[in-house]
Amino acid sequence: KLRTHHTRDIEPEEMADKSVTLAGWVHEVRDLGGICFVVLRDREGMAQVTLVKKKVDSDFFNKAKKLMRESVISVTGTVKPEEKAPNGYEVLPDDITVLNESCTPLPLDTTGKVEAEMDTCLDSRYVDLRKPRTSAIFKIRHEVLKAVRDNFTREGFIETTTPKVVATATEGGTSLFPITYFDREAFLNQSPQLFKQILMSGGLEKVFEIGPIFRAEEHDTRRHLNEATSIDMESSFSDHFDIMETLENTIAHAYSQVKENASQQLEYLGIDLEVPETPFKRLTYSEAIDIINQYGKEELEWGDDLSTLSEHTLGEHVYNETGAHHYFIIDWPTEIKPFYAMPYEDNPEISKTFDMMHTRLELSSGAQRIHYYDMLKNRIENQGLDPDSFDFYLDAFRYGMPPHAGWGLGCERLLMTMLGLENIREVVLFPRDRRRLSP
Ligand code: ATP
Ligand code: AMO
């Protein structure tokens, strides 16, 4: 057997004098002359393998001293409780097998003593991921996705998968990546929007999808990706207020599950996670504009989209007033929201829409949708789009489409704000941005 235990599975007192086999990477070798420590690292943590020169065979001691950092090894030995060692034990080895030797020098330092540039880390993700801090991010990402699925399931949603190769745009604002689909032009989907709505006509009632979205954003920012993971939901017989509750619950559940199941990883990242309180504060768009204008940093008019600066001004204002990072901006002008957003019956200038914000940036947007065929077709035309290319979507509205609402939440933005990270690329294994296409 190459491994009997992970480093974290060993109980120092209970397992004292027992024989175990650990497997992993050589994190560090510390040769102090008479004693040599080999620090073995596996996915769960570290273990100290201790060789005392006087007590072991001299060939064995010399071989251990010369182990290359990041080589893959399997160590069989006995457990000895030791307060000064990581996890409170050390292993006195009988045998160390080198399963695969690492080349030298390494593309980057895995001990965290030398900080590498983001590009170096991303170019060599296979080594970067060996840093406990980096792998912690992806274990937390797993916990977040698991919690999101749990919460949807608990609320009666079913998981769906819709195509990523499509014929039309869905989100007006950003541009599309064209691709060749046999002899036709096609695109990578910007959002499952049209499909999740069609599923409402199909009677699935409550659906969610976690999948890639592609946006040909020209700019290179710390919060935009060209391939992102979107957490999408759609719910029939619901209005925008109903689904705002689902959104709050999803966020709160993700935070609490991470806190509960990833305490070790939060510790690696130095984070004391606070679970946000629900319900989140709700501001109308008009109130938001007034608040932003009070600060005099810029002059916004009703109908303007919020700039990055205004999002920051507002986020800080809300945080200072309430101590909360998450809040909603509701009731946006119909004109600056996508064609599928439902206007208020008594005031069609404003729509049944919301953005869910974090102090630093937008995390999610959603709306009650237009479920009337004629109204939807008009809105598509008014936004300068060609209704013919939306036939496959519009048809679903002619044969019994229920009222419905939904939202999209950026998985990476949720994670970067949860973990207080500056750059969205840190929470993606292999990010796609303006410059980066491999690995
Ligand atoms: P969405 O997910 O809807 O795209 P977002 O937060 O990315 O949300 P955008 O609509 O792309 O929002 O832009 C929001 C604001 O951020 C816009 O008002 C825009 O001025 C600003 N913005 C977008 N890209 C950049 C950029 N590269 N540099 C500075 N500001 C930007
Ligand atoms: P929207 O375009 O606001 O709405 O996108 C929803 C959320 O997805 C995330 N997101 C991104 N994250 C990183 N990089 C990007 N380039 C990027 N683009 C979007 C953000 C954003 O808030 N169809 C609607 C949702 C709906 O109404 O159901 C939509 O796509 O966190």
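Every value quoted in this text rests on a predicted model; they were computed, and no experiment measured them.
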| message | Set out, in order, the CA-CA distance, both residues' side-chain angles and the distance that settles side-chain hydrogen bond (donor to acceptor under 3.5 Å, both in side chains) for R130 and S124, then state yes or no. | response | CA-CA 10 Å; R130 296 184 202 172; S124 303; over 6 Å; no
Would you call [X] and [Y] a salt bridge, using N to O less than 4.0 angstrom?
| X | Y | value |
| --- | --- | --- |
| E248 | R282 | yes |
| D331 | K352 | no |
| E209 | K164 | yes |
| E101 | R69 | no |
| D305 | K337 | no |
| D374 | K377 | no |

| message | Taking salt bridge (Lys or Arg N to Asp or Glu O under 4.0 Å) as the definition, give me every residue that meets it alongside E159, ordered by chain and number, with sequence neighbours left out. | response | R149
| With sequence neighbours left out, what residues match K196 under salt bridge (Lys or Arg N to Asp or Glu O under 4.0 Å)? | D232, E234
| task | With sequence neighbours excluded, tell me which residues meet ring pair (Phe, Tyr, Trp, His ring centres under 6.0 Å) with Y295. | result | H317
| For Y340, which residues count as a ring pair (Phe, Tyr, Trp, His ring centres under 6.0 Å) partner, sequence neighbours excluded? |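 For Y340, no residue satisfies ring pair (Phe, Tyr, Trp, His ring centres under 6.0 Å) once neighbours in sequence are set aside.
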Can you find a heavy atom in the side chain of [X] that is under 4.5 Å from one in the side chain of [Y]?
| X | Y | answer |
| --- | --- | --- |
| I424 | R222 | no |
| L414 | V144 | yes |
| D242 | F237 | no |
| M342 | R369 | no |
| E426 | R133 | yes |

Kindly list each side-chain donor-acceptor pair under 3.5 angstrom involving residues 393-405, sequence neighbours excluded, with atom names and distances?
from	atom 1	to	atom 2	distance (Å)
Y393	OH	Q197	OE1	2.8
D395	OD1	R398	NH1	3.4
H404	ND1	P402	O	2.9
H404	NE2	Q197	NE2	2.9

Distance-only check: which donor-acceptor pairs under 3.5 Å involve side-chain atoms of residues 262-277, not counting sequence neighbours?
from	atom 1	to	atom 2	distance (Å)
Q264	OE1	R8	NH2	3.0
Q264	NE2	Y268	OH	3.4

Check whether [X] reaches the backbone of [Y] with its side chain - one donor and one acceptor, N or O, closer than 3.5 Å.
| X | Y | answer |
| --- | --- | --- |
| D42 | L22 | no |
| D109 | V114 | yes |
| S238 | S236 | yes |
| R434 | E218 | yes |
| N320 | G323 | no |
| N226 | R215 | yes |
| D9 | H6 | yes |

Will you find, in the side chains of [X] and [Y], an N or O donor that is under 3.5 Å from an N or O acceptor?
| X | Y | result |
| --- | --- | --- |
| T111 | E28 | no |
| T359 | E316 | no |
| N151 | R154 | yes |
| E205 | S235 | no |

| query | Can you tell which of H219, H224, R223 makes a side chain to side chain donor-acceptor pair (under 3.5 Å) with T221? | reply |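 Single pass found, and it is H224.
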| field | Validation row, ring centre Y285 to ring centre W302 under 6.0 Å | value | yes
| task | Test ring-ring contact (aromatic ring centres under 6.0 Å, His included) on F208 and F157 and set out the steps. | result | CA-CA 6 Å; F208 76 98; F157 285 78; 7.0 Å; no
